[in-house]
Amino acid sequence: MSAGTWQLGDVTVDRMGFGAMRITANPHRSVAIAVLRRAVELGVNHIDTAAFYASPGGTLRVGEGEKRYANELIREALAPYPDGLVITTKVGPGEDEERGFYNATTAAELREQVETNLRQLGVDALDVVNLRIMKKPGEDSITERFGWLAALRDEGLIRQLGVSNVRLDHVEEALAIAPVVCVQNSYAVDLRGEEDALISFCADQGIAYVPFFAIAGSSREGGSGTDHSAAVEKLAATHNVTPQQVRLAWTLHRSPNILAIPGTGNPAHLEENIAASGLQFSAEELATLD
């Protein structure tokens, strides 16, 4: 874990973590369990998950066989959880038989989602909960929803809070209510949007910035593809690594407050992802990617 560490609120985590969204895709539960256990063996102490990460269906819209939930796989693989392991989950989006995929807009719905995460993970309190929102400029203040989560934190159901899929003004809204330990947005070498200013703001505030789609980029839920830029391909060849490893390493080089959470259900890809934390690029090489 040569990429170093960063403070996730009141805990220290290695900057290379693991995202659990894709571990449900394989119908063989044993594969997911083996990947999770190996991730921890390799030094991962920060896992990102959600109650709505599930297959068949779910956000990936793939899979077959019996229903598999990422949270339950994490519990089966890792409980009792090792000291120092931080599990970050998110609420806002949800899925049930009656409504299908929905967005929580009431205090009762958010509480229900928090309680579902507690039950699935088998814990009394959630380490970190991100409020995940749908961005609609001018119509999406998070003050009320984040306030409800802050109340659940005060009850002891949540230890720390973060926000996801947000703008800078959302982060400022949240900070006026309670401490924010992380911001989780889509960000990659070819998927930057207006995130650079937000990353710098978070660094100044001591807030972790946790990008999703660092490997997938514009493919998003479609996962890692083969459409890499010539600069990424050249750097991969120079260092004898994969383009995916270059993308991850670039993400970590971007700012010291960035925590990577690449997700995979493939044991070989897991090893490659973790190894990317040790890649070092010169300033000249990084400039080619910009």
Side-chain angles (χ1 to χ4, degrees), residues 1-24 29-51 53 69-91 113-130 149-150 152-164 178-184 202 206-212 248 252 256-265 267 270-271 273-278:
M1 287 300 184
S2 54
T5 62
W6 186 263
Q7 288 298 120
L8 193 57
D10 59 11
V11 295
T12 302
V13 296
D14 288 297
R15 293 180 63 213
M16 180 63 78
F18 181 82
M21 182 171 68
R22 300 189 181 279
I23 62 171
T24 64
R29 297 173 65 91
S30 60
V31 175
I33 290 168
V35 167
L36 286 162
R37 289 175 176 169
R38 181 59 177 154
V40 173
E41 288 175 358
L42 291 171
V44 166
N45 59 5
H46 171 219
I47 296 177
D48 175 78
T49 186
Y53 287 170
Y69 294 91
N71 283 352
E72 293 178 351
L73 290 168
I74 291 169
R75 180 179 183 177
E76 185 175 349
L78 302 176
Y81 300 111
D83 292 341
L85 177 66
V86 177
I87 299 176
T88 297
T89 189
K90 58 190 71 66
V91 295
Q113 290 182 357
V114 166
E115 291 175 346
T116 297
N117 277 280
L118 289 167
R119 183 176 64 254
Q120 289 180 340
L121 290 168
V123 296
D124 296 324
L126 300 170
D127 294 330
V128 182
V129 173
N130 285 319
L149 287 183
L152 295 178
R153 184 203 61 171
D154 293 342
E155 284 186 37
L157 300 182
I158 300 169
R159 294 191 179 97
Q160 303 192 102
L161 296 170
V163 287
S164 176
V180 174
V181 303
C182 58
V183 171
Q184 189 182 94
C202 288
I207 298 171
Y209 182 92
V210 189
F212 52 88
L248 275 177
L252 291 170
N257 68 315
I258 287 181
L259 307 179
I261 50 168
T264 182
L270 170 68
E271 303 274 346
N273 291 345
I274 301 301
S277 66

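Index from 1, following the sequence. Worth knowing before you read on, the calculation uses all heavy atoms, side chains too, and leaves out hydrogens, waters and symmetry mates.
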**Request:** Please indicate whether D154 has more than 12 foreign heavy atoms, meaning atoms of other residues, nucleotides or ligands, lying under 6.0 Å from its CG.
**Result:** yes

**Prompt:** Would R75 and E72 pass as an ion pair if we require N to O under 4.0 Å?
**Reply:** no

**Prompt:** Got a sec, which residues hit side chain to side chain contact (heavy atoms under 4.5 Å, CB included) with V181, two or more places apart in sequence or on another chain?
**Reply:** L8, V128, Q160

**For the student: nearest non-hydrogen atoms of Q7 and A208, plus distance** = O-CB, 4.3 Å

**Request:** To the nearest 0.5 Å, tell me how far I274 CD1 sits from E41 CD.
**Result:** 11.5 Å

**Message:** Could you report the tightest heavy-atom contact between C202 and V183, atom names first, then the distance?
**Reply:** SG-CG2, 3.7 Å

**Request:** Might you work through the side chain to side chain contact (heavy atoms under 4.5 Å, CB included) test for F18 and N273, ending with a clear yes or no?
**Result:** CA-CA 9 Å; F18 181 82; N273 291 345; over 6 Å; no

**Asked** After noting the C-alpha distance and the side-chain angles of T116 and Q113, does the key distance pass the side chain to side chain contact (heavy atoms under 4.5 Å, CB included) rule?
**Response** CA-CA 5 Å; T116 297; Q113 290 182 357; 5.5 Å; no

**Asked** Can I23 and Y53 be said to form a side chain to side chain contact (heavy atoms under 4.5 Å, CB included), step by step?
**Response** CA-CA 9 Å; I23 62 171; Y53 287 170; over 6 Å; no

**Message:** Counting C-beta onward and ignoring hydrogens, is there a side-chain heavy-atom pair between V40 and P82 closer than 4.5 Å?
**Reply:** yes

**side chain to side chain contact (heavy atoms under 4.5 Å, CB included) partners of A275, counting only residues at least two apart** = Q245

**Asked** Are the side chain of R15 and the backbone of N257 linked by a donor-acceptor contact shorter than 3.5 Å?
**Response** no

**Message:** Which residues pass the salt bridge (charged side-chain N to carboxylate O under 4.0 Å, His left out) test with R119, not counting sequence neighbours?
**Reply:** none

**Fill in**
Separation between OG (S30) and CG (L73), nearest 0.5 Å, reads 10.5 Å

**Prompt:** If every non-hydrogen atom of G17 is compared with every non-hydrogen atom of P262, which pair is closest and at what distance?
**Reply:** O-CD, 3.6 Å

**Asked** Taking the side chain as C-beta and beyond, is there a heavy-atom pair between R159 and L126 under 4.5 Å?
**Response** no

**Asked** Any idea which heavy atoms bring T88 and H46 closest together, and the distance?
**Response** OG1-NE2, 3.4 Å

**Asked** I74 and side chain to side chain contact (heavy atoms under 4.5 Å, CB included): which partner among L85, T89, L36?
**Response** L36

**Asked** Just by modelled atom types, is the Q184 backbone N or O under 3.5 Å from a matching donor or acceptor in the S164 side chain?
**Response** yes

**Asked** I87 and side chain to side chain contact (heavy atoms under 4.5 Å, CB included): which partner among D127, N45, V123?
**Response** D127

**Prompt:** Checking side-chain hydrogen bond (donor to acceptor under 3.5 Å, both in side chains) against K90, which of N117, D48, T49 comes through?
**Reply:** D48

**Asked** CG/L42 to CE/M16 distance, rounded to the nearest 0.5 angstrom?
**Response** 11.0 Å

**Request:** Would you name the heavy atoms of R22 and G263 that are closest together and state the gap between them?
**Result:** CD-O, 3.8 Å

**Least distance between heavy atoms, L149 atom then I158 atom** = O-CD1, 4.0 Å

